[in-house]
Trainee: 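Here it is: the structure, laid out below.
Each chain gets a letter, A, B and so on, in the order its sequence line appears, and its residues count up from 1.
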Number of protein chains: 2
Amino acid sequence: MLGRNGTVGKAIEVLDQVADHGRPVRFSELLDGSRFPKATLYRFLQSLVGQGMLAYDAERQTYMPGLRLVRLAHAAWQHSSLAPIARPHVDALAEVVREAVHLAQIDHGHVIFVDKRKKTNMFDTLAQTGLVAPSYCTGVGKAILAFLPEETRSEALKMQAFVPYTPHTHRSPRSLWPELDQIRDEGIAFDREEHEQGIISVAAPIIPDQRRVVGAISIATSTSRRSLDELKTLSPTLRETASRIAAEVQPWQFPN
Amino acid sequence: MLGRNGTVGKAIEVLDQVADHGRPVRFSELLDGSRFPKATLYRFLQSLVGQGMLAYDAERQTYMPGLRLVRLAHAAWQHSSLAPIARPHVDALAEVVREAVHLAQIDHGHVIFVDKRKKTNMFDTLAQTGLVAPSYCTGVGKAILAFLPEETRSEALKMQAFVPYTPHTHRSPRSLWPELDQIRDEGIAFDREEHEQGIISVAAPIIPDQRRVVGAISIATSTSRRSLDELKTLSPTLRETASRIAAEVQPWQFPN
DNA sequence: TGTTTGGTTCCATATAATGAAACCTAGTTT
DNA sequence: AAACTAGGTTTCATTATATGGAACCAAACA
């Protein structure tokens with residue numbers, strides 16, 4: 001039962017696989033990317049469909065997330081995500097700064113974008129709500145890493161592959177440490193085109209009432225629109241929004 | 001594996017139980033409401049925490065939905081829920097009619113509210129997004145039931161307990177059939193204080209391109225604010241909104 | 001008509017799950 | 001201080017469930 005080779009772990013893996021397709025998916029497509037034998041995968045799919053976690057379209061022979069998962073989703077969203085509480089603050093910040101605003105949480109060393117707001121159609125980042133990103137080369141990721149307890153941070157850094165997405169990306173934990181120290185000092189993190197070429201951001205951690213960091217919020221833009229120095233001038237507004245969100249968060253509500 | 005006594009079914013039952021608490025919950029509280037022996041429940045919780053579907057707060061010894069579920073949630077929400085597509089239409093309708101607007105889908109005979117908008121703070125119904133309601137005594141439920149294929153409708157009706165929530169509630173499928181016929185004729189359903197005393201609604205099914213019904217939308221209010229006749233005058237607007245949503249829905253995207 | 005493809009089922013065997021009982025720690029009561 | 005209680009955690013002989021290669025099925029294709 002425990003671990004990825006338990007029955008529960010395997011079922012969740014299948015669930016993830018269907019969800020990751022982002023569209024209805026046929027059995028053979030799932031089989032191609034699966035580590036399970038045909039009969040085993042088939043049985044897991046039948047089981048998840050029977051439980052309502054997946055839905056099966058008999059006409060097109062495709063699988064997709066089911067309404068029981070949608071229902072669970074909602075409960076999870078409301079009680080384990082910053083997004084419901086932070087939404088008005090994220091909206092307000094986006095209105096003021098006229099750039100993309102991201103809200104993220106961390107999960108086993110990876111950043112999960114849980115909300116994103118922008119008020120213009122001119123520009124966008126790759127960040128999509130619900131998506132996972134590395135923590136070592138995103139503003140929100142570094143803002144969170146800097147304020148994690150030492151041991152948790154070490155574990156989180158171990159899980160990073162330090163893929164050099166751009167010439168500016170950190171290549172190792174050792175390279176990153178001095179910057180994390182600086183982030184702790186200033187309470188502000190920057191993404192200097194480290195994750196996406198041409199994309200910069202400024203981020204602040206969300207830390208309720210001297211407790212541990214629960215997430216981070218960032219303002220992201222392109223180098224063609226703004227400079228890093230211009231982003232710096234938005235730091236006070238950003239910190240204030242992060243504080244407001246932190247004030248509303250009840251720390252016991254969130255996982256980590 | 002198949003059914004509620006398979007390992008997967010049991011794990012999902014535990015997941016549901018934690019999610020249904022809507023707040024961090026301790027092991028003993030879960031044990032109280034569980035059909036599993038102590039060791040079995042404990043092991044399921046450890047397994048789900050290990051997989052990230054649940055999170056465990058060691059300080060308070062409480063469990064809650066985990067970020068992997070939030071992530072899965074998002075995928076499910078975006079690809080298996082009407083809400084993302086329907087949102088602008090629901091907003092627009094709420095703006096026009098100045099009452100609560102509900103969006104719902106059906107799942108094994110039960111209605112799931114997937115979105116809800118209102119532009120006044122004066123009153124509210126019990127409908128909460130993500131919640132499940134019976135189909136036989138809600139406007140959206142009856143709107144969907146009426147347009148389901150015959151066999152699916154029979155199955156769905158069998159799953160209803162026909163609890164008489166108010167004196168106006170249908171007590172049996174037999175009692176409901178003539179009204180479903182009428183709903184099919186008119187393309188409009190009413191909740192005449194059948195689910196909640198004092199609450200009435202008008203609902204229309206969402207049926208893309210001669211295909212099967214995928215959901216329904218309703219306008220709900222209280223008898224102290226509006227009469228049923230007044231709600232009737234909103235039918236054309238409601239039908240139009242339902243048609244607009246249906247036009248955007250790609251029928252293969254949604255589960256049944 | 002024979003072959004291919006994708007999906008579905010079978011069942012002897014293997015593996016994981018089971019759950020009563022015991023254990024552990026912290027707090028409470030005597 | 002000792003005994004007791006409560007909530008959480010672990011053990012392991014036994015049982016139940018999962019496994020997965022092979023076979024089967026239906027539809028489409030050559």
Trainee: Could you state the atom-to-atom distance from CZ of A/Arg60 to C1' of D/dA27 in whole Å?
Mentor: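 Between C1' of D/dA27 and CZ of A/Arg60: 18 Å.
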
Trainee: Using whole Å, report how far CG of B/Leu41 lies from C1' of C/dT18.
Mentor: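 Rounded to whole Å, this separation is 13 Å.
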
Trainee: Round to a whole Å and report the spacing from CD of B/Gln46 to P of C/dT18.
Mentor: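 Nearest whole value for this atom pair: 14 Å.
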
Trainee: Check every strand shown and say whether A/Gln61 touches a base, only sugar-phosphate, or nothing at a heavy-atom separation below 4.0 Å.
Mentor: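 Sugar-phosphate only.
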
Trainee: Just to confirm, is there a sub-4.0 Å distance from OP1 or OP2 of D/dT19 to any side-chain nitrogen or oxygen of A/Thr40?
Mentor: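 For D/dT19, OP1/OP2 do not have a side-chain N/O of A/Thr40 under 4.0 Å.
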
Trainee: Between P on D/dG7 and OH on B/Tyr63, what's the gap in Å once rounded to a whole number?
Mentor: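 Interatomic distance, OH of B/Tyr63 to P of D/dG7: 15 Å.
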
Trainee: How would you label the contact of A/Lys38 with the nucleic acid (heavy atoms, under 4.0 Å): base, sugar-phosphate, or nothing?
Mentor: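 Base contact.
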
Trainee: Starting from P on D/dT19, measure out to CG on A/Asn5 and report it in whole angstrom.
Mentor: 10 Å

Trainee: Do B/Lys158 and B/Glu155 meet the salt-bridge criterion of a basic N to acidic O distance under 4.0 Å?
Mentor: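 Result for this pair is yes, salt bridge flagged.
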
Trainee: Between C/dT5 and A/Ser28, is there an OP1 or OP2 to side-chain N/O distance shorter than 4.0 Å?
Mentor: no

Trainee: Whole-Å distance between D/dA26 P and A/Phe27 CZ?
Mentor: 18 Å

Trainee: Using a distance-only criterion (donor-acceptor N/O pair, under 3.5 Å, no hydrogens), is the base of D/dG8 paired with the side chain of B/Arg26?
Mentor: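 Side chain to base: no pair present.
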
Trainee: Starting at atom CZ of B/Phe36, determine the distance to atom C1' of D/dA16, rounded to an integer number of angstrom.
Mentor: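 Distance check: B/Phe36 CZ to D/dA16 C1' gives 14 Å.
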
Trainee: Heavy-atom nearest nucleotide on DNA chain C for B/Phe44 versus A/Ala39: which residue maps closer to 5'?
Mentor: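 Its nucleotide being nearer the 5' end, the pick is A/Ala39.
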
Trainee: Given the rule in the ring pair (Phe, Tyr, Trp, His ring centres under 6.0 Å) test, do A/Phe113 and A/His102 qualify, once you have shown the distances and angles that lead to the verdict?
Mentor: CA-CA 7 Å; A/Phe113 289 101; A/His102 298 139; 5.2 Å; yes

Trainee: May I ask you to evaluate whether B/Arg43 reaches the phosphate of C/dG19, defined as a side-chain N or O under 4.0 Å from OP1 or OP2?
Mentor: no

Trainee: Please work out which of the three classes, parallel, tilted or perpendicular, describes the rings of A/Tyr56 and A/Tyr63, given edges at 30° and 60°.
Mentor: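 Rings of A/Tyr63 and A/Tyr56: tilted, as their planes differ by 30° to 60°.
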
Trainee: Taking OP1 and OP2 of D/dG8, is either one under 4.0 Å from a side-chain nitrogen or oxygen of B/Tyr42?
Mentor: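 False: B/Tyr42 side-chain N/O out of range (4.0 Å or more) of D/dG8 OP1/OP2.
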
Trainee: If the cut-off is 4.0 Å, is A/Tyr56 near the phosphate of C/dT8, judged by side-chain N/O to OP1 or OP2?
Mentor: yes

Trainee: Does A/Glu150 come within less than 4.0 Å of A/Arg153, counting only side-chain N to carboxylate O?
Mentor: yes

Trainee: Run the salt-bridge test on B/Asp16 and A/Arg71 with the 4.0 Å N-O cut-off and return the result as yes or no.
Mentor: no

Trainee: Please state how far atom CD in B/Glu29 lies from atom C1' in D/dG7, giving the value in whole angstrom units.
Mentor: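 To the nearest whole Å, that distance equals 12 Å.
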
